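Following: one structure in structure tokens, then a few remarks.
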Amino acid sequence: IRAKKLGLANFATFASLIEVLAGSEDIAHVDKARQYLSDFEVEELSTMKSRPDMKFTRLYNAVIMGYLSDPKRKGCVEKAESLLSHMVTCHERNMMHIARPNSTSFAVVMKALASNSAHRGGTLRRLEELLDTMFELNRRMTHNKRVGSDKMDLAANVRPNTTICNFLLMAYSANSTPGAVQSAMKLFERMQKADRSVTPDETTNLYMAKILSNEKTHEAAADTPPKDINDVDELSALKIDDIVRKRGGLYPDSFNSIVDACTKSKSIEGAEKAVAFLSKLDELYDRGEICTRPD
């Protein structure tokens, strides 16, 4: 601040100030970093010469990560999400605005939201909205590059990837709402149809296995009093064909998750169906539809 008054401050000085404040364990210091960044934003826009640059994006991301350094602190995730929303809104209204988000801006916020143990419906909807925004921004960026638009250098470098999609699947796997399974299946299909950057991987299959296992548990709980549950649904109800694909495959953790769903009732029939399931996987392996044979 003193250097600025003396006319000795430059962007490097300002960036160092933001990074130090954002890296503080004191949330008041992170708030101060955001305030300084907001003031700087106004000054830059008033010059009519500024344009988006990665050096600015890094500062916004530093503040977002400062809020998320301890996601358990009350209100911190909300503040990080609010800043991300500000960046997206500013970029969509004015591509010359310095508050341009990138993939990291979204990834850190979505991971924090997905890790929230509450997983309320509002949180899931927000995660879905953020992922949709990423796909849309990526579509615009790809379009601008393809047509050689003069906006190509201004477009946000936002690229959805498998890890980010898995954050949403993680949230679905911990959610008990009726629509969670359907939403997870839609996302899984979207991942299969999109480009290689969002191709399902081992973690994807593990979450899908848990989600489908949860569905059967919830259905059983709804139909039968808990104390009387000593059976499992038919193997076909686990929708094996929906989660087994050549390009994604199933992996050992996924096998274990589904077998656990068959045996959790501790019944003889459950054990028999677990064996039947493993036999089914052997057949799929022999046909080349999965990449790993269960042992």
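Remember, predicted model here, so these are calculated numbers, not experimental data.
Using cut-offs of 30° and 60° on the angle between ring planes, the pair F14 and F40 is parallel.
Between P101 and A156, the shortest heavy-atom distance links the atoms O-CB, 3.5 Å. Summarising the geometry of A112 relative to L68, their closest heavy-atom pair is CB-CD2, 3.7 Å, with the distance given to 0.1 Å. Residues I211 and L169 share a closest heavy-atom pair of CD1-O, 3.7 Å. Nearest heavy atoms, P160 versus S197: O-OG, 3.3 Å. Among all heavy-atom pairs drawn from V109 and A80, the shortest one is CG2-O, 4.0 Å. Between L124 and L168, the shortest heavy-atom contact is O-CD1, 4.4 Å.
In this structure R139 satisfies the salt bridge (Lys or Arg N to Asp or Glu O under 4.0 Å) test together with E136, sequence neighbours excluded. With sequence neighbours excluded, the residues forming a side chain to side chain contact (heavy atoms under 4.5 Å, CB included) with R159 are S103, N138, M141, K145, N157, listed by chain and number. Every residue was checked against the side chain to side chain contact (heavy atoms under 4.5 Å, CB included) condition with K186, not counting sequence neighbours, and none meets it. The side-chain hydrogen bond (donor to acceptor under 3.5 Å, both in side chains) search around S69 returns R73, not counting sequence neighbours. Applying the side chain to side chain contact (heavy atoms under 4.5 Å, CB included) test to V42 and every residue at least two apart in sequence or in another chain returns nothing. Residues passing the side-chain hydrogen bond (donor to acceptor under 3.5 Å, both in side chains) test with S50, sequence neighbours excluded: E44. With sequence neighbours left out, the side-chain hydrogen bond (donor to acceptor under 3.5 Å, both in side chains) criterion links R58 to no other residue. By the side chain to side chain contact (heavy atoms under 4.5 Å, CB included) test, T89 is found to be paired with R93, residues two or more places apart in sequence or in another chain being considered. Judged as a salt bridge (Lys or Arg N to Asp or Glu O under 4.0 Å), and not counting sequence neighbours, D53 has no contacts. The side-chain hydrogen bond (donor to acceptor under 3.5 Å, both in side chains) test applied to E92 returns no partner, not counting sequence neighbours.
Atom-to-atom distance recorded for M170:CE and C165:SG is 13.0 Å, nearest 0.5 angstrom. One finds the CZ atom of R190 at 5.5 Å from the CG atom of L131 (value rounded to the nearest 0.5 Å). A distance of 11.0 Å separates OG1 of T162 from CZ of F167, quoted to the nearest 0.5 Å. Rounded to the nearest 0.5 Å, atoms CD (E81) and OG1 (T123) are 8.0 Å apart. Annotation: the span from M134 atom CE to N102 atom CG amounts to 9.0 Å, rounded to 0.5 Å. The distance from the OG atom of S38 to the OH atom of Y60 is 7.0 Å, given to the nearest 0.5 Å.
Cluster membership for M87 and L45, using ILVMFWY side-chain heavy atoms within less than 4.5 angstrom, is not shared. If you chain together hydrophobic residues whose side chains sit under 4.5 Å apart, V20 and F11 never meet in one group. Both I98 and Y36 are members of a single hydrophobic cluster when ILVMFWY side chains are connected at heavy-atom separations under 4.5 Å.
Side chains of I27 and Y67 form a contact here, defined as non-hydrogen atoms less than 4.5 Å apart. The shortest distance between side-chain heavy atoms of H91 and H97 does not fall below 4.5 Å. Side-chain contact check for R146 versus H143: some heavy-atom pair is nearer than 4.5 Å. Using a 4.5 Å heavy-atom cutoff, the side chains of V88 and L130 are not in contact.
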Before giving the answer on side-chain contact (heavy atoms from CB on, under 4.5 Å), spell out for N166 and M191 the whole-Å C-alpha distance, their side-chain angles and the decisive distance to 0.1 Å. CA-CA 10 Å; N166 285 343; M191 293 172 70; 4.0 Å; yes

Can V181 and Y172 be said to form a side-chain contact (heavy atoms from CB on, under 4.5 Å), step by step? CA-CA 7 Å; V181 175; Y172 286 139; over 6 Å; no

Full working for side-chain hydrogen bond (donor to acceptor under 3.5 Å, both in side chains) between T104 and N61: CA-CA 7 Å; T104 300; N61 287 348; 4.8 Å; no

Is there a side-chain contact (heavy atoms from CB on, under 4.5 Å) between M110 and S105? Walk through the geometry before answering. CA-CA 9 Å; M110 293 179 71; S105 312; over 6 Å; no

Derivation of the side-chain contact (heavy atoms from CB on, under 4.5 Å) call for V158 and F135: CA-CA 8 Å; V158 174; F135 273 105; over 6 Å; no

Any chance you could lay out the side-chain hydrogen bond (donor to acceptor under 3.5 Å, both in side chains) test for H86 and E41, step after step, and finish with the verdict? CA-CA 12 Å; H86 171 74; E41 185 180 290; 3.1 Å; yes

Verdict with supporting geometry, Q35 and D31, side-chain hydrogen bond (donor to acceptor under 3.5 Å, both in side chains): CA-CA 6 Å; Q35 184 57 55; D31 286 335; over 6 Å; no

Kindly indicate, with the supporting measurements, whether the criterion side-chain hydrogen bond (donor to acceptor under 3.5 Å, both in side chains) is fulfilled by D153 and N144. CA-CA 9 Å; D153 293 335; N144 288 331; over 6 Å; no

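Remark: R125 does not engage E128 in a salt bridge, criterion side-chain N to carboxylate O under 4.0 Å.
Looking only at distances, a side-chain donor or acceptor of S46 sits under 3.5 Å from a matching main-chain atom of E43. A donor-acceptor contact shorter than 3.5 Å is absent between the side chain of S173 and the backbone of K210. A distance-only check finds a donor-acceptor pair linking the side chain of N161 to the backbone of I164 [under 3.5 Å].
Listed by first then second residue, pairs satisfying side chain to side chain donor-acceptor pair (under 3.5 Å) with a partner in residues 15-28 read S24-H29, not counting sequence neighbours.
Cluster partners of L154, using a side-chain heavy-atom cutoff of under 4.5 Å among ILVMFWY residues and allowing indirect links, are M95, M96.
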